[in-house]
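Structure record follows, encoded as structure tokens.
When reading the values below, keep in mind they use all heavy atoms of this one structure, side chains included, and skip hydrogens, waters and symmetry mates.
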Amino acid sequence: MIRIRQIKIEALTNSKEKLKEKIARKLRINPNEIKSFSIYRQSIDARNKESIFFVYEVNVEVKNEEKILKNQNDKDIFPSKEETYTFKSNKKLKQPPIIVGSGPSGLFAALILAENNNPPIIIERGEKIEERIEKVTTFWEKGRLVECSNVQFGEGGAGTFSDGKLNTLIRNQENRMTKVFETFVRFGAPKEILYSYKPHIGTDILREVIIKMREYIKSLGGVFLYKTCLTDLCIENKVLKGVIVNHEKYLPCKHLILAIGHSARDTFKLLYDKKVDMTSKAFAVGVRVIHAQEKIDASLVGEKYKKTLSPATYKLTHTCQNKRGVYSFCMCPGGYVVNASSQKGALAINGMSNYKRDSGYANSALVVTVDENDFGPHPLDGMVFQNKLEKKAFLIGKGNIPCQTLKDFKEQKSEEKMTIEGIKGAYTFADLNTLFPEEITKSLKEAFPFFEKKIKNFAEDKTILAGVESRTSSPVRIIRNKKYESNIIGIFPTGEGAGYAGGITSSAVDGIKVAESLLENES
């Protein structure tokens, strides 16, 4: 197999036939000599709005491969290496491991264990996807929050009600990312996630994928216990002996994988009380900003290409005079701002898109970095800081999502009222200046003119802001050693909630690494 990089095709003329023609030209062969080809990676070069290109890296099978490679001196043409996840273990644990949480890290830890003859017990405080969707929809429509089954809690984790973005900055070590993406495709995700430079599944497809993953893990012997919350740990001499669920039932446990997500505040407090080593972690808080998707498209890809390349995405960063970073996070093209609350009397929001990203509205979090200088040195101070912001958001929105036009935000008033599209859950207009500490508000206001220079109409007066975006990442990090084990023998923290991942892909990969380590190091 031959790998070829840097094949460019003008966006308006892009096609499979054109790509094959370009491959043949690059190899200096007749197209008939190409047996097959597949896209390894696809990206977009949009630096020139008048001439935008798809950029491909491909794997090609040809006749006379050795001869063709021998005649090449192009650094972008070279032998392709097979990328396959190969981990195997013959270890049989004495007790089935217990996994807390069925988000990406928990599901992929369960998958690896089950595929290696150690099917786990997965406990999940929320409900399975089917029931969870009903609870969330009812909450958005009628305001009835179920604290154990919502956008944050339940099968699939918080990512189930998101854009389903899979892009990540981590490396594909040991082909673990390959395992993640191929697993998603196996269970129904679109094949393009295998090569897209910004892969996404969409919340609608991701839900179906998770259901199929669950059934596959169950077919290998895995057990799922829903409405089952970890409420105590039984520890003797810093060694885990068992767990208590729902305050009453004891489960013997020698290996506990904590895939708890970033919103399990009661579990964070339990772990601290049980003297599991942990520390606070910097994160970011801010608002969601809503625009018509067509305005984002027109600015980023231009009139010529907006139908071909819509919906466009963006990533924005700015360093303020006070040295704080302001950046866009979890940008959802063609998506919705959603009420993502998980606690009564407190309000948090997130962004969500379906696979087709066709709502007509773009939204993104615009967040400001915060650390212990803002919330204090105690390991749980960041969590308390988040909770205070969410309670304040609930109060100023009177239980609804508080929204404000950018013009009113800058002028510290709340006069403009309008119908807001691209939002799920009740909303009301309020003054977001009363929500944050002054330094965060100042930082947000400073960033908008700089973002306007990058995206036209980004900072227009009627731009809608919504609050509060508070759960960008976990406020804690649970300390673990090189074997992925905490200071309590038998407890293995993993994923975003433990402070070691950010997003679906990195969480899934971290779950795989923890499962591998458990099987490799158990004596």
Short side-chain to backbone donor-acceptor contact, [X] and [Y], under 3.5 Å:
X: His200; Y: Tyr355; result: yes
X: Thr13; Y: Glu10; result: yes
X: Ser359; Y: Gly335; result: yes
X: Glu372; Y: Ser280; result: no
X: Thr160; Y: Gly157; result: yes
X: Lys462; Y: Glu416; result: no
X: Arg324; Y: Thr369; result: yes
X: Gln293; Y: Ala312; result: yes
X: Thr279; Y: Arg477; result: no
X: Thr319; Y: Gly325; result: no

Nearest 0.5 Å, please: how far is [atom2] in [Y] from [atom1] in [X]?
X: Arg288; Y: Leu366; atom1: CZ; atom2: CG; value: 9.0 Å
X: Thr463; Y: Glu452; atom1: OG1; atom2: CD; value: 8.0 Å
X: Ile39; Y: Glu192; atom1: CD1; atom2: CD; value: 9.5 Å
X: Arg41; Y: Ser196; atom1: CZ; atom2: OG; value: 10.0 Å
X: Thr203; Y: Ile133; atom1: OG1; atom2: CD1; value: 7.5 Å

Are [X] and [Y] close enough that their ring centres sit under 6.0 Å apart?
X: Phe375; Y: Phe283; value: yes
X: Phe458; Y: Tyr314; value: yes
X: Tyr195; Y: Phe181; value: no
X: His378; Y: Tyr272; value: yes

Over all heavy atoms of both residues, which pair between [X] and [Y] is shortest? Give the atoms and the distance, please.
X: Ala466; Y: Ile401; result: CB-CG2, 3.9 Å
X: Ile129; Y: Ile210; result: CG1-CG2, 4.1 Å
X: Ser105; Y: Ala259; result: OG-CB, 3.3 Å
X: Ala110; Y: Ile217; result: CB-CD1, 4.0 Å
X: Leu347; Y: Gly467; result: CD2-O, 3.4 Å
X: Leu432; Y: Gln404; result: N-OE1, 2.8 Å

Take atom [atom1] of [X] as the centre, draw a 6.0 Å sphere, and report whether it contains more than 12 heavy atoms from other residues, nucleotides or ligands.
X: Glu130; atom1: CD; value: yes
X: Lys391; atom1: NZ; value: no
X: Lys356; atom1: NZ; value: no
X: Lys454; atom1: NZ; value: yes
X: Lys413; atom1: NZ; value: yes
X: Glu439; atom1: CD; value: yes

Are [X] and [Y] close enough that a side-chain donor and a side-chain acceptor fall under 3.5 Å?
X: Asp408; Y: Ser414; value: no
X: Thr178; Y: Asn172; value: yes
X: Asn350; Y: Ser162; value: no
X: Arg214; Y: Ser102; value: no
X: Gln412; Y: Asp431; value: no

- Message: Assess the residue pair Arg471 and Ser342 against the criterion (side chain to side chain contact (heavy atoms under 4.5 Å, CB included)); give the C-alpha distance rounded to whole Å, side-chain angles, the decisive distance to 0.1 Å, and a yes or no.
- Response: CA-CA 11 Å; Arg471 304 191 193 183; Ser342 60; 2.8 Å; yes

Answer whether the closest heavy-atom distance between the side chains of [X] and [Y] falls below 4.5 Å.
X: Ile349; Y: Tyr427; answer: no
X: Asp297; Y: Leu309; answer: no
X: Phe451; Y: Val289; answer: no
X: His262; Y: Gln152; answer: yes
X: Phe268; Y: Pro475; answer: yes
X: Tyr327; Y: Leu316; answer: no
X: Ile455; Y: Leu300; answer: yes
X: Val338; Y: Phe139; answer: no

- Task: Any chance you could lay out the salt bridge (charged side-chain N to carboxylate O under 4.0 Å, His left out) test for Lys407 and Glu411, step after step, and finish with the verdict?
- Result: CA-CA 6 Å; Lys407 182 176 185 293; Glu411 296 177 0; 3.3 Å; yes

- Task: Determine, stepwise, if the pair Ile290 / Cys403 fulfils side chain to side chain contact (heavy atoms under 4.5 Å, CB included).
- Result: CA-CA 10 Å; Ile290 304 173; Cys403 298; over 6 Å; no

- Message: Under the side-chain hydrogen bond (donor to acceptor under 3.5 Å, both in side chains) test against Thr313, which residue among Lys165, Arg357, Lys198 passes?
- Response: Lys198

- Task: Show your working on side chain to side chain contact (heavy atoms under 4.5 Å, CB included) between Val146 and Phe153 and close with a plain yes or no.
- Result: CA-CA 10 Å; Val146 178; Phe153 296 132; over 6 Å; no

- Task: Would you please test Asn322 and Ser443 for side chain to side chain donor-acceptor pair (under 3.5 Å) and show each step?
- Result: CA-CA 8 Å; Asn322 60 13; Ser443 299; 3.0 Å; yes

- Task: Please report the C-alpha distance between Val368 and Phe436 in whole Å, then the side-chain angles of each, then the deciding distance to 0.1 Å, and finally whether the side chain to side chain contact (heavy atoms under 4.5 Å, CB included) criterion is met.
- Result: CA-CA 11 Å; Val368 184; Phe436 300 105; over 6 Å; no

- Is Lys445 positioned over the aromatic face of Phe409, cation under 6.0 angstrom from the ring centre and no more than 45 degrees off axis? yes

- Task: Establish, for the pair Arg176 and Phe108, whether the NZ or CZ atom is under 6.0 angstrom from the six-membered ring centre and no further than 45 degrees off its axis.
- Result: no

- Query: Would Lys128 and Glu155 count as a salt bridge (charged side-chain N to carboxylate O under 4.0 Å, His left out) if you check the C-alpha gap in whole Å, the side-chain angles of each, and the deciding distance to 0.1 Å?
  - Reply: CA-CA 5 Å; Lys128 61 173 62 175; Glu155 185 176 36; over 6 Å; no

- Item | Parallel, tilted or perpendicular: rings of Phe224 and Tyr226 (30°, 60°) | parallel

